[in-house]
2 protein chains.
Amino acid sequence: MDDDVVGSARLRTGRRLYESAVTNPADVPEATVSRLPQYLRALSALAEAGLRTVSSEALAEAAGVGSAKLRKDLSYLGSYGTRGVGYEVGELHQHIADRLGLTSSWRVVIVGIGNLGHALAGYGGFASRGFGVVGLFDVDPTVVGEVVSGMPVRPLDELEATVREGGATIGVLTVPAAVAQGVCDRLVAAGVTSVLNFAPTVIRVPEHVDVRKVDLASELQILAFHAQRKAHAPGAPGHVRVGEVV
Amino acid sequence: MDDDVVGSARLRTGRRLYESAVTNPADVPEATVSRLPQYLRALSALAEAGLRTVSSEALAEAAGVGSAKLRKDLSYLGSYGTRGVGYEVGELHQHIADRLGLTSSWRVVIVGIGNLGHALAGYGGFASRGFGVVGLFDVDPTVVGEVVSGMPVRPLDELEATVREGGATIGVLTVPAAVAQGVCDRLVAAGVTSVLNFAPTVIRVPEHVDVRKVDLASELQILAFHAQRKAHAPGAPGHVRVGEVV
DNA sequence: TAGATTGTTAATCGATTAACAATC
DNA sequence: TAGATTGTTAATCGATTAACAATC
C-alpha cells in the first residue's frame, strides 16, 4: 500500500517505459475525474462477477453512463483497451486506481464527532480504498475520550500535533457551520491540503488547498426544485399557466 | 407552509401579474439550479446580519462565486434587482425559496437507519426548510421500534403503506448497495418521484423520477486524485518526470 | 479475412466570463 | 445630474455526443 511518489511510473505490465503519449494528470478534465470512481466501482463489481474482459458498452452500462463518454474519459488516461476485444477488467481497474492515487495511503482526520462524524468514522469504505483515519476530534468534553470504531476521540487542542505527527493531508469537517472556517484554517496551518466539507457554509482556503463540499440540504432543495417543476409542467395535474383564464 | 400548486403565481409584492417575461422553471440551467441553495443560504446569513439590500458583488462574495455568474443565474429567475442599488435581501430570499419549492411541504422517508440514517434522521435542517420526515424504515429487528428523533423506526413491510398514506414524494436511501435498487423500486412503485441515494451503487429509475447521489468514497477519491496531481506536479518536492534522467 | 470494438475526430451543446449599455 | 449597479450580450471555454477510421 505504501507506494512511493513516482508510483505511476512502475512498470507492472512491462509496457510503456516512456509515458510521453499519456496525458498528464493535470490534463484530465474535471468532469472525467469525477467519474473515475464510478468506473472503478463498476470494474470491481464486474471482477467479482468473474469477468475478465469487458466492452466499453458493457462497462458504461454498469457505470450508468454512455459508452462514447466512457471511451472518451478513458482516452485521457491512455489507451488500455484492445480494438475488437475490449478492456481487461483487472488491468483497467489497476490503472484507474493508480491514477486516483489509491495505491498510496492517504491519512485522514475527522473533526466533529456528532451524528454524522460518528457515521463517517464508522464507514468501512475508508481502509479498503487506501484511506486511513489517523485522528478523531471534538470540542465537547462528553464526547472526548469516547472510543469510536476503535479510535479515541481527542480534544481539539491536539489537532495540530496529531495532523503533523500522523502526516494527515486530508481533513473531513463535520462541525457546525459557525466554527467550520476556524477549524479549517487550523487544519490547513497544520499541513492538510485536501478538505471534505460537510458543514453548510462556504469555507475559504489558500490556493494550494482543495475543498469538496457535501451538502444534504442543497441536494434536497435541488430535488425539490425539480419536483416543483414537474408539478408545474404543462399537462401536469392541476397545472395552470400564470395569467391564463381558467 | 402549505402553499397550493400555483404558489409562485401569488402576488406577494403586488407586482408582475403576468409573468411572461420570466423563464419557465424548465428553462433554468441545471448548473444554476445547483447554486440556488447557496444563494439562499448566503441571503439568510445576510438577513441575520441585519442587511436590507445587497449588491451582486457582496452576495457573490458571501456565496463564494463570481458576481457575473450570480447576476446571470438570477436573471434566469427574473429581474428582482434595482440598477444602481442592488437586491432587497428578504425579497430575493423569498423568490428563490419559491422557485426551489421550499414554500411547499415536502414529505420525506428515510430507508436504512444505520449510522448515516441515524445522522440524517437527526438532521435539524429538514423541518426548517420545508421538508418533513414522515417515516423511518429498517429491516433489522433490533433497530425497528427504536425511537429516533421522536419517530419510531418501522419495519420495511410498512414502507408502501406509509409512503402512500403520508404522501411522501422524496425517498432517502441509506441502505447497503446490494439492496438499494430493490428498495428504490418499492419507493417508486409507492409513489416517490425524487430519490437521494447514499448507497454506493448506480440505481435505475423510470424517466419521471429524479435521483441525486451522494457518495463519500467518490469525494475522497477525487480529492486523492488532485492530491496525487499536486505531488507529481513539476516542481513539487520529489517530483521526477517519467523517463527523465536524474 | 470478417466481425467487433476501440480511440479519435468534429460537431453540438451548455456553462462561464468580461464588458458594457441600460437605468435606478 | 453623477455615480452605482443591474441585466444582457457576445466571446470563450469546457463537456457531450455521434460517427467512423483504425485495428485487433
Side-chain angles (χ1 to χ4, degrees), chain A residues 13 15-16 19-36 38-39 43 46 51-89 91-92 95-96 99 222, chain B residues 13 15-16 19-36 38-39 43 46 51-89 91-92 95-96 99 222:
Chain A
T13 60
R15 297 201 259 135
R16 296 189 304 102
E19 301 200 334
S20 48
V22 177
T23 5
N24 200 288
D27 300 335
V28 181
E30 193 53 39
T32 296
V33 173
S34 73
R35 283 186 293 264
L36 295 181
Q38 307 175 47
Y39 300 152
L43 285 165
L46 293 171
L51 271 82
R52 307 292 301 264
T53 64
V54 65
S55 68
S56 64
E57 193 66 51
L59 178 54
E61 162 73 16
V65 303
S67 67
K69 191 186 274 184
L70 170 75
R71 288 198 302 276
K72 192 92 174 93
D73 282 343
L74 295 184
S75 77
Y76 291 113
L77 305 188
S79 304
Y80 300 124
T82 307
R83 289 169 204 237
V85 178
Y87 301 90
E88 208 274 303
V89 172
E91 187 192 340
L92 185 56
H95 278 299
I96 296 178
R99 277 310 190 88
I222 293 166
Chain B
T13 60
R15 297 201 262 136
R16 295 189 309 103
E19 300 200 335
S20 48
V22 177
T23 4
N24 199 288
D27 300 335
V28 181
E30 193 53 39
T32 296
V33 173
S34 72
R35 284 185 293 265
L36 295 180
Q38 306 175 48
Y39 300 152
L43 286 164
L46 293 170
L51 271 82
R52 305 293 302 264
T53 63
V54 65
S55 69
S56 64
E57 193 66 52
L59 179 53
E61 162 72 15
V65 303
S67 68
K69 190 185 273 185
L70 170 76
R71 289 199 302 278
K72 191 92 174 94
D73 282 342
L74 295 184
S75 77
Y76 291 114
L77 305 187
S79 304
Y80 301 122
T82 306
R83 287 167 206 243
V85 179
Y87 302 89
E88 207 275 304
V89 172
E91 186 192 340
L92 185 56
H95 278 299
I96 296 179
R99 277 310 192 87
I222 293 165

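Keep in mind it's a predicted model, so treat the numbers as computed, not measured. Computed from heavy atoms alone, side chains included, the values below leave out hydrogens, waters and symmetry copies. Here is how names work: the chains are called A, B, and so on, in the same order as the sequence lines, proteins then strands, and each is numbered from 1.
Nearest approach of A/S55 to A/Y87, heavy atoms of both residues: C-CD1, 4.5 Å. Pairing each heavy atom of A/A31 with each of A/S34, the nearest pair is O-OG, 2.8 Å. Summarising the geometry of A/V89 relative to A/L43, their closest heavy-atom pair is CG1-O, 3.6 Å, with the distance given to 0.1 Å. Across all non-hydrogen atoms, the minimal contact from A/E57 to A/S67 is OE1-OG, 3.4 Å.
Remark: C1' of D/dG7 and NE2 of B/H95 are 16 Å apart, rounded to the nearest angstrom. What separates CG of B/L59 from C1' of D/dT5 is a distance of 13 Å, to the nearest Å. Distance, B/D27 CG to C/dC13 P: 16 Å, rounded to whole Å. Distance, B/E30 CD to C/dT16 C1': 16 Å, rounded to whole Å. Rounded to whole Å, atom C1' of D/dT5 lies 13 Å from atom CG of B/L74. One interatomic measurement links the two molecules: CG of A/D73 to P of D/dT16, which rounds to 7 Å at whole-angstrom precision. Atoms CG (A/L77) and C1' (C/dG7) sit 13 Å apart, rounded to a whole Å. Rounding to whole angstrom units, CG of residue A/L92 and C1' of C/dT6 are separated by 13 Å.
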Where along nucleotides 17-24 of chain C does protein come under 4.0 Å, by heavy atom, of base (B) or sugar-phosphate alone (S), with - for untouched nucleotides?
-> BBB-BBBB

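Residues B/V33 and B/R99 fail the side-chain proximity criterion, which asks for heavy atoms closer than 4.5 Å. Here the side chains of A/T32 and A/K72 are not in contact, with every heavy-atom distance at 4.5 Å or above. Two residues are said to be in side-chain contact when any heavy atoms from C-beta on lie closer than 4.5 Å; B/Y39 and B/V65 meet this criterion. Inter-residue side-chain proximity for A/L74 and A/L92 is flagged as met; some heavy-atom pair is nearer than 4.5 Å. Counting heavy atoms from C-beta outward, A/T53 and A/T82 have side chains that stay 4.5 Å or more apart.
Remark on DNA chain D: of its neighbouring residues A/A31 and B/S55, the 5'-side contact belongs to B/S55, judged by nearest-heavy-atom nucleotide.
When distances are taken from the side chain of B/P29 to each of D/dT8, C/dT16, C/dA15, the shortest belongs to C/dA15.
Close to C/dT16, at under 4.0 Å from its OP1 or OP2, lies no side-chain N or O of B/Y76.
Where pairing requires Watson-Crick or G-U contacts shorter than 3.5 Å, the helical stems of DNA chain D with at least three consecutive pairs are C:3-24 with D:3-24.
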